[in-house]
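Beneath this line is the structure, given in structure tokens, with notes to follow.
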Protein chains: 2
Amino acid sequence: MTGCRVSVDTVLFRLGLARLQVLLLRRLRPPFAGWSSLPGGLLHPREELQAAAVRILRQRAGLDDVYLEQLFTFGDPARDPRGRVITVAHIALVPPATPLPAGDASWTPLHALPRLAFDHRRIVDYALQRLRGKIEYSPVGFRLLPEEFTLTEVQEAYEAVLGRVLDKRNFRKKLLSLKVLRPLGRARKVGAHRPARLYRFEESRWEGVRDKGNVFVF
Amino acid sequence: MTGCRVSVDTVLFRLGLARLQVLLLRRLRPPFAGWSSLPGGLLHPREELQAAAVRILRQRAGLDDVYLEQLFTFGDPARDPRGRVITVAHIALVPPATPLPAGDASWTPLHALPRLAFDHRRIVDYALQRLRGKIEYSPVGFRLLPEEFTLTEVQEAYEAVLGRVLDKRNFRKKLLSLKVLRPLGRARKVGAHRPARLYRFEESRWEGVRDKGNVFVF
DNA sequence: TCAAAAGTGTTAAACGTACACCCATGA
DNA sequence: TCATGGGTGTACGTTTAACACTTTTGA
């Protein structure tokens, strides 16, 4: 007895202009020729699921070293008109400076998605829902930021993901109280205003936060 | 190009003697003959993933009408010695009165698991972790209870899942403040002590709870 | 000196947590 | 009347949420 085909699709998020963006590819051939789709591809015979997602992001978008987690497995028997393919969807996050990928790939703002091939719209919707949930109790948000960032940038990331504005004073108070940021003692000067202090996220300090039952809600 | 095989495995939880139990099957044939394993089986060609889980629970454990949700997809290329099989793991919850299933299936307390076939131990561990997380912000806990229950039974369910004791007064205060239970105005008499009032979970009242950002933490 | 973004504290309400005794029942 | 589990309230500390002005800089 042989099985069905298995693919891996990835919803790759990045921040652009204080908006969440998703990486989409333009499909060149049927089915759904001319439509946009998530970067994805078939699982190789001896490949881990996550390794497949990494390989596909490298091949199709020239990206390396991204944060990845499994999202959900979509198995509607009719999701691919060519025949049964179940897909293991993933979420990936990259910092804003990530270079614009090759020709047929582009960053698309989440609020202006075109029609997507297959059930990819459902996958994107679910990915956003999951990201919104997760950012409130885990430090995934920092994966959307460069290594060194300002508090305003963190707040903008949270606002972009959650889709609502947050109170500056409360946000900073909460964020700093978690003691997971290391101040770099430097500031970044941009434009005719007060320079912003730079920080770095210290992964190692996060452990204590979960243990204390402390969460990360704004 | 043909794919690998896809199976569906389910971690089926129930409460027994105020302890969490898992349904295990005894394997009759290799690989892992004589070991215990989760109820699982191969996905059929035109079958939804969740439908496969339902079918397998009916076939292998004689169960119907269980609460089911997808857990995670495990894809280690070496997880099955016979060849590549990726498995879409699910969590299922049933109330305590669920009849003891057929011959080769048995309820096993979580704290006394035998060696499990394949990577099933990892799957059970992850399922418990997920259930613990989820019970704190969603009403899944009621799926482990009969339709009519006492507040003490709810608390015992939470204690069994979370693995720690909870304060009776605080638990009741919080639970009742959510306004998701309908008091039945009746009581259940058992033994030489005050009868316990019966309640029913009102699914329809849950919506407002999530919307208000209210959560379910003890 | 102006515009622009950075940075900062207080108060009131809600929530979480710790804690001990009376009630209703059947034996 | 006793043993058993059911049922209840208060006080304190912590967390959240609402809210506006001063600082630093370059143009």
Side-chain angles (χ1 to χ4, degrees), chain A residues 15 17-18 135-137 145-146 148-160 162 164-200 208-218, chain B residues 15 17-18 135-137 145-146 148-160 162 164-200 208-218:
Chain A
L15 288 171
L17 304 170
I135 204 172
E136 298 205 345
Y137 64 87
L145 294 171
E148 304 186 355
F149 47 77
T150 67
L151 297 184
T152 299
E153 286 170 338
V154 184
Q155 183 171 347
E156 282 169 354
Y158 272 76
E159 289 178 339
L162 296 174
R164 59 192 160 94
V165 298
L166 303 170
D167 180 88
K168 183 159 67 156
R169 280 170 296 184
N170 292 339
F171 183 86
R172 285 166 182 239
K173 205 186 318 161
K174 183 75 192 285
L175 186 55
L176 293 175
S177 78
L178 295 174
K179 303 264 182 58
V180 295
L181 299 189
R182 184 156 55 82
L184 298 181
R186 289 181 280 118
R188 179 194 292 157
K189 300 194 182 192
V190 277
H193 54 82
R194 185 168 174 173
R197 287 186 261 216
L198 290 168
Y199 294 84
R200 191 184 279 263
V209 178
R210 285 212 89 172
D211 294 350
K212 275 188 305 190
N214 205 337
V215 284
F216 205 40
V217 184
F218 295 100
Chain B
L15 288 171
L17 304 170
I135 205 174
E136 299 206 345
Y137 63 85
L145 295 171
E148 304 186 354
F149 47 77
T150 66
L151 296 185
T152 298
E153 287 171 337
V154 184
Q155 183 172 347
E156 282 170 354
Y158 273 75
E159 289 178 339
L162 296 175
R164 60 193 161 92
V165 299
L166 303 170
D167 180 88
K168 183 160 65 156
R169 281 172 291 187
N170 293 337
F171 183 85
R172 285 165 182 241
K173 204 187 322 160
K174 182 75 191 282
L175 186 54
L176 293 174
S177 77
L178 294 175
K179 302 264 183 55
V180 295
L181 298 190
R182 184 156 55 84
L184 298 181
R186 289 181 278 120
R188 179 194 292 157
K189 301 193 181 192
V190 279
H193 52 81
R194 185 170 175 173
R197 288 186 257 214
L198 290 167
Y199 294 83
R200 190 184 279 266
V209 179
R210 284 212 90 173
D211 294 351
K212 278 189 303 191
N214 206 337
V215 285
F216 205 40
V217 184
F218 295 99

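Note that the coordinates shown come from a computational prediction; the quantities given were computed from them, not determined experimentally. Lettering follows sequence order; numbering is per chain, from 1.
Annotation: side chain of A:Phe171 is in contact with side chain of A:Val154 (closest heavy-atom distance under 4.5 Å). Looking at B:Leu175 and B:Gln155, their side chains never come closer than 4.5 Å, going by heavy atoms from C-beta outward. Side-chain contact between B:Tyr199 and B:Leu145 is absent, with no heavy-atom pair separated by less than 4.5 Å.
Spacing between atom CZ of A:Phe149 and atom P of C:dA6 amounts to 14 Å, rounded to whole angstrom units. When rounded to the nearest whole Å, the span between CG of B:Leu151 and C1' of D:dG5 equals 13 Å. For the pair A:Leu176 CG and C:dT8 P, the computed distance is 8 Å after rounding to whole Å. Between B:Leu175 atom CG and D:dG7 atom C1' the separation is 14 Å, expressed in whole Å. Atom CD in A:Gln155 sits roughly 12 Å away from atom C1' in C:dA6 (whole-Å rounding). The nearest whole Å value for the distance from the CZ atom in A:Phe171 to the C1' atom in C:dT8 is 16 Å. At whole-Å resolution of the value, CZ in A:Arg172 and P in D:dT23 are 16 Å apart.
For A:Lys168, counting side-chain heavy atoms from C-beta on, the closest listed nucleotide (C:dA6, C:dA24, D:dT8) is C:dA6. Out of C:dA6, D:dT4, D:dG6, the shortest distance to the side chain of B:His193 is found at D:dT4.
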Show me the protein contacts with nucleotides 9-14 of chain C, counting only N or O atoms at under 3.5 Å.
{"unit_1": "C:dT10", "atom_1": "O4", "unit_2": "A:Lys173", "atom_2": "NZ", "d": "3.0"}

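Contact between the side-chain N/O atoms of A:Thr152 and the OP1/OP2 oxygens of C:dA5 is not found at any separation under 4.0 Å. Not one side-chain nitrogen or oxygen of A:Lys174 sits closer than 4.0 Å to the OP1 or OP2 atom of D:dT15. For B:Arg197, a side-chain nitrogen or oxygen approaches OP1 or OP2 of D:dT8 to under 4.0 Å.
Closest of all the heavy-atom pairs between B:Arg200 and B:Phe149 is C-CZ, 3.9 Å.
No hydrogens or angles considered: nothing links the side chains of A:Thr152 and A:Arg197 as a donor-acceptor pair under 3.5 Å.
Along DNA chain C, the nucleotide closest to A:Glu153 and the one closest to B:Arg194 are compared, and the more 5′ of them pairs with A:Glu153.
The backbone N or O of B:Leu166 sits less than 3.5 Å from a side-chain atom of B:Glu159, completing a donor-acceptor pair.
Comment: A:Glu148 engages A:Arg186 in a salt bridge, judged by a side-chain N to carboxylate O separation of less than 4.0 angstrom.
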